[in-house]
Amino acid sequence: MVRTRFAPSPTGYMHLGNARTGIFSYLFARHHNGSFILRIEDTDRERSTKEFEDSILEDLKWLGIEWDEFYRQSERFDIYKEYAKKLVESGHAYYCFCKEEDIEKQREEAYAQGKAYRYPGTCRHLSKEEVEDRLRNDGSYVIRFKVPDGRVVSFDDLIRGNISINVDDFGDFVIVRSDGSPVYNFVVVIDDALMKITHVIRGEDHISNTPKQILIYEALGFKPPEFAHLPVILGEDRTKLSKRHGGVSVRFYKENGYCPEALFNYLCLLGWSSEKVGKEIISKEEAVKYFDIKDINLSPAVFSHDKLYWLNGVYIREILSEDRLLEDLLPFIEKAYKKVDIDYLRKIIKATRKEYNTYLEAVEKLRPFFEHKEPDEAAKEELSKIDKSVFELLIKEISALEQITPENLKAVVKNIQKSTGLKPKDIWHALRIAITGSLEGIAIDVIVSILPKEETLRRLSKFV
RNA sequence: GUCCCCAUCGUCUAGCCUGGCCUAGGACACCGGCCUUUCACGCCGGCGACGCGGGUUCGAAUCCCGCUGGGGAUGCCA
């Protein structure tokens, strides 16, 4: 039975990189008919908040990633404490009374000399009596894991193959902080072991943590899971995608009018080849069906805003149902133009869904359906070249129409062309400017055939 | 600095394992054309890559070594 987990820490909105890790973990579990576990890693009490936790849960649901089990590390501190004690008792870990400032100083010195810092093991060989004594009097201590000398830890990464790291590269590391809270590298092992996680799928930035964790697995007598380290996502400048790059949270894309299916799809494409699916537009179900961890790329991928934008357009234009579009678009439209009639909006969506790539963009493009706008500069200039009598004729012709359709609108233009000798293009332009105030936008026959007739006439009348 | 990972169009990728089918395929972006009452959509076409140097081999994008370049880690963050 395959069991994977996604372990975000609630210290901010869910990052795209994390989201992709979650997606791949999820796909792997589902592909193997296994379980997907969500675990909130909130051992850092300083930075973790309930608000961020809620937002992560919300965003995960929004993306369509459902989990089978849920855990919160802050509720499991007793368990960690117990295992920390075990490690101390078995001689795999020890109390350390070194001052944080001193360590910091040593670290800086080492770095200045261009050397890798290792904790020198000052407190490693304290006698039992001394430890007892300082525990009573000193108060502040951390627990460090005793890293064996000269070990080379190897593991077979599912994506990268064999990875070997000499543990001499790092010193005895902290597993319990001075405030008594356990550290990531320690709890992650206990949780993954206790929760019977079979496959740990996570970011490449955890590769160097893996040997530390394997050491703890061994010390505790647990069998390590399989590991798979995903390449990181890079920004346009080829550094790790971070806040500096602008919109990097799932929330950002949700708020900016992207649909979850498109974001899910795009994230799948980043680092995973969809070649076996045979296309790039992939549903969650297809992704589950075809997902293979072996098809993950090894090199970091640059996040392309352009491609996500395009993909979102594909979803709006040809994948999503009208009902879904309506449901998604409604809050955006109502936020911008107050209450709207559902049937009116439905009609608009049906006729215009090819015109925008995001919901936010739709709000702008659909403006003529909800608001009258004065002509902009370019429109004014065009307007000055147009014989104003055309507006009167348009009013007269359109008034006479029982129902406005693109077809009979064409007839209207033809009639005016005949009676005035104006070029059809100019007549259309005049109509467009009067209705939208702009030279660009959605096809004017589409707009006028949906816009209430009285509103069309009202706008035209302003130009006579 | 040290350790680890990586290296095909600007970007995401196919091909690499099992060398010849690669004149290196697709997608986004970009450019041009068509469609057209504008912008878009759509359709057609174009530009564009095996980082460098050595091997191995009849033959290398594919295998080996070195270099260079990029990324990550180096926390009482995760």
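Just so we're on the same page: letters track the sequence lines, and every chain starts at 1. Being a predicted model, the structure only gives us computed values, none of them experimental.
- Taking the six-membered ring where the residue is Trp, A:Phe6 and A:Phe36 present parallel rings, their angle staying beneath 30° rather than reaching 60°.
- Checking the phosphate oxygens (OP1, OP2) of B:A14, no side-chain nitrogen or oxygen of A:Lys276 falls inside 4.0 Å.
- RNA chain B is contacted by both A:Val446 and A:Ser208; A:Val446 maps to the nucleotide lying nearer its 5′ end (nearest heavy atom per residue).
- Base contact: A:Ile444 has a heavy atom under 4.0 Å from a base atom.
- Within 4.0 Å (heavy atoms only), A:Arg47 reaches at least one base atom of the nucleic acid.
- Aromatic ring pairs are classed by plane angle as parallel below 30°, tilted from 30° to 60° and perpendicular above 60°; the pair A:Phe155 and A:His229 is perpendicular.
- Relative to the side chain of A:Ser273, the nucleotides B:A27, B:C12, B:A14 differ in distance, and B:A14 lies closest.
- Nearest to the side chain of A:Ala443, among B:U11, B:U38, B:C76, sits B:U38.
- With both ends at atom C1', the span from B:A27 to B:C47 equals 16 Å, rounded to whole Å.
- Each of B:U37, B:A40, B:C4 was ranked by its minimum atom distance to the side chain of A:Ile163; first place goes to B:C4.
- For A:Trp310, the listed nucleotide lying nearest its side chain is B:A27; candidates were B:A78, B:U38, B:A27.
- A:Asn312 and A:Tyr253 are not linked by any side-chain donor-acceptor pair at a separation below 3.5 angstrom, with hydrogens and angles left out of the test.
- Using a distance-only test at 3.5 Å, with no hydrogens or angles considered, a donor-acceptor pair links the side chain of A:Asp157 to the main chain of A:Ile159.
- Each of A:Asp44 and A:Glu236 was assigned the nucleotide of RNA chain B with the nearest heavy atom; the assignment lying further toward the 5' end belongs to A:Glu236.
- Aromatic ring pairs are classed by plane angle as parallel below 30°, tilted from 30° to 60° and perpendicular above 60°; the pair A:Phe332 and A:Tyr359 is tilted.
- Atom CG in A:Asp292 sits roughly 12 Å away from atom P in B:A14 (whole-Å rounding).
- Rounded to the nearest Å, the gap between the P atom of B:G54 and that of B:G59 is 15 Å.
- Proximity of A:Asn297 to the phosphate of B:A14: a side-chain N or O atom is located under 4.0 Å from OP1 or OP2.
- For the C1' atoms, the distance linking B:G19 with B:A60 amounts to 6 Å, nearest Å.
- Counting heavy atoms of neighbouring residues, nucleotides and ligands inside a 6.0 Å radius, atom NZ of A:Lys99 exceeds 12 of them.
- When heavy atoms are screened at a 4.0 angstrom cut-off, A:Arg160 is found touching the sugar-phosphate backbone but no base atom.
- With B:C3, B:C5, B:U37 as the candidates, the nucleotide lying closest to the side chain of A:Trp428 is B:U37.
- In this structure, A:Arg238 does not reach the B:G10 phosphate: none of its side-chain N or O atoms is under 4.0 Å from OP1 or OP2.
- One atom, CH2 of A:Trp272, and another, P of B:A27, lie 19 Å apart when rounded to the nearest Å.
- Using a 4.0 Å heavy-atom cutoff across all strands shown, A:Leu439 reaches at least one base atom of the nucleic acid.
- Checked options A:Thr436, A:Ile348, A:Leu345, A:Ile333; the residue passing with A:Phe369 is A:Ile348 (criterion: side-chain contact (heavy atoms from CB on, under 4.5 Å)).
- Listed in residue order, the members of residues 183-190 of chain A having a heavy atom less than 4.0 Å from RNA chain B are A:Val183, A:Tyr184.
- When heavy atoms are screened at a 4.0 angstrom cut-off, A:Lys307 is found touching base atoms of the nucleic acid.
- Between B:U57 and B:C22, the distance separating the two P atoms is 26 Å to the nearest Å.
- As a whole-Å value, the separation of A:Leu234 CG from B:C5 P is 18 Å.
- Atom OH in A:Tyr356 sits roughly 19 Å away from atom P in B:C39 (whole-Å rounding).
- At the heavy-atom level, A:Asp445 lies under 4.0 Å from base atoms of the strands shown.
- Using a 4.0 Å heavy-atom cutoff across all strands shown, A:His229 reaches no nucleic acid atom at all.
- Residue A:Glu100 is in base contact, counting any heavy-atom pair closer than 4.0 Å across all strands shown.
- The residue A:Lys365 sits close to a base: some heavy atom pair falls under 4.0 Å.
- B:G42 is paired with B:C34 under the criterion used here, namely a Watson-Crick or G-U wobble arrangement in which both key atom distances are under 3.5 Å.
- For the pair A:Thr358 (side chain) and A:Glu361 (backbone), a donor-acceptor distance under 3.5 Å is present.
- At least one donor-acceptor pair closer than 3.5 Å links the side chain of A:Arg459 to the backbone N or O of A:Ile435.
- Scanning atom types as modelled, one donor and one acceptor separated by under 3.5 angstrom connect the side chain of A:Arg432 and the base of B:U38.
- Taking atom P in both B:G26 and B:A14, the straight-line distance is 15 Å, to the nearest Å.
- Taking atom CZ on A:Arg151 and atom C1' on B:C3, their separation rounds to 17 Å, with Å as the unit.
- No contact: A:Ile103 has no heavy atom under 4.0 Å from any strand.
- Looking at heavy-atom distances under 4.0 Å, A:Gly313 makes no contact with the nucleic acid at all.
- Counting any heavy atom pair closer than 4.0 Å across all strands shown, A:Thr239 reaches sugar-phosphate atoms only and no base atom.
- With a cut-off of 3.5 Å on both pairing distances, the Watson-Crick or G-U wobble partner of B:G1 is B:U74.
- Across all strands, A:Thr43 comes closer than 4.0 Å only to sugar-phosphate atoms, never to a base (heavy-atom distances).
- Side-chain proximity of A:Ser299 to B:C12, B:A73, B:A7: nearest is B:A7.
- Nucleotide B:A49 forms a pair with no other nucleotide shown, judged by Watson-Crick or G-U wobble geometry with both contacts under 3.5 Å.
- B:C9 and B:C30 are spaced 12 Å apart, taking the C1' atom of each and rounding to whole Å.
- A perpendicular orientation is assigned to the rings of A:Phe303 and A:His305, their planes being inclined by more than 60° (bins at 30° and 60°).
- A donor-acceptor pair under 3.5 Å links the side-chain atoms of A:Arg353 to the main chain of A:Ile316, judged by distance alone.
- Atom-to-atom distance recorded for A:Ile296:CD1 and A:Arg160:CZ is 10.0 Å, nearest 0.5 angstrom.
- Spacing between atom CZ of A:Phe170 and atom C1' of B:C3 amounts to 10 Å, rounded to whole angstrom units.
- Between A:Leu311 atom CG and B:U11 atom C1' the separation is 14 Å, expressed in whole Å.
- Under the Watson-Crick or G-U wobble criterion, with both distances below 3.5 Å, B:U68 is paired with B:A7.
- The side chain of A:Glu280 lies closest to B:G26 when the candidates are B:C76, B:G26, B:U11.
- Ranking B:C6, B:C39, B:C28 by closeness to the A:Glu440 side chain, first place goes to B:C39.
- The nearest whole Å value for the distance from the CD1 atom in A:Ile159 to the C1' atom in B:C17 is 17 Å.
- Side-chain proximity of A:Ile165 to the nucleotides B:C4, B:G71, B:U11 is greatest for B:C4.
- Spacing of P atoms, B:C63 relative to B:U2, comes out at 28 Å, to the nearest Å.
- A gap of 15 Å separates the P atoms of B:C52 and B:A7, to the nearest Å.
- Nucleic acid contact class of A:Val232 (heavy atoms, under 4.0 Å, all strands): sugar-phosphate only.
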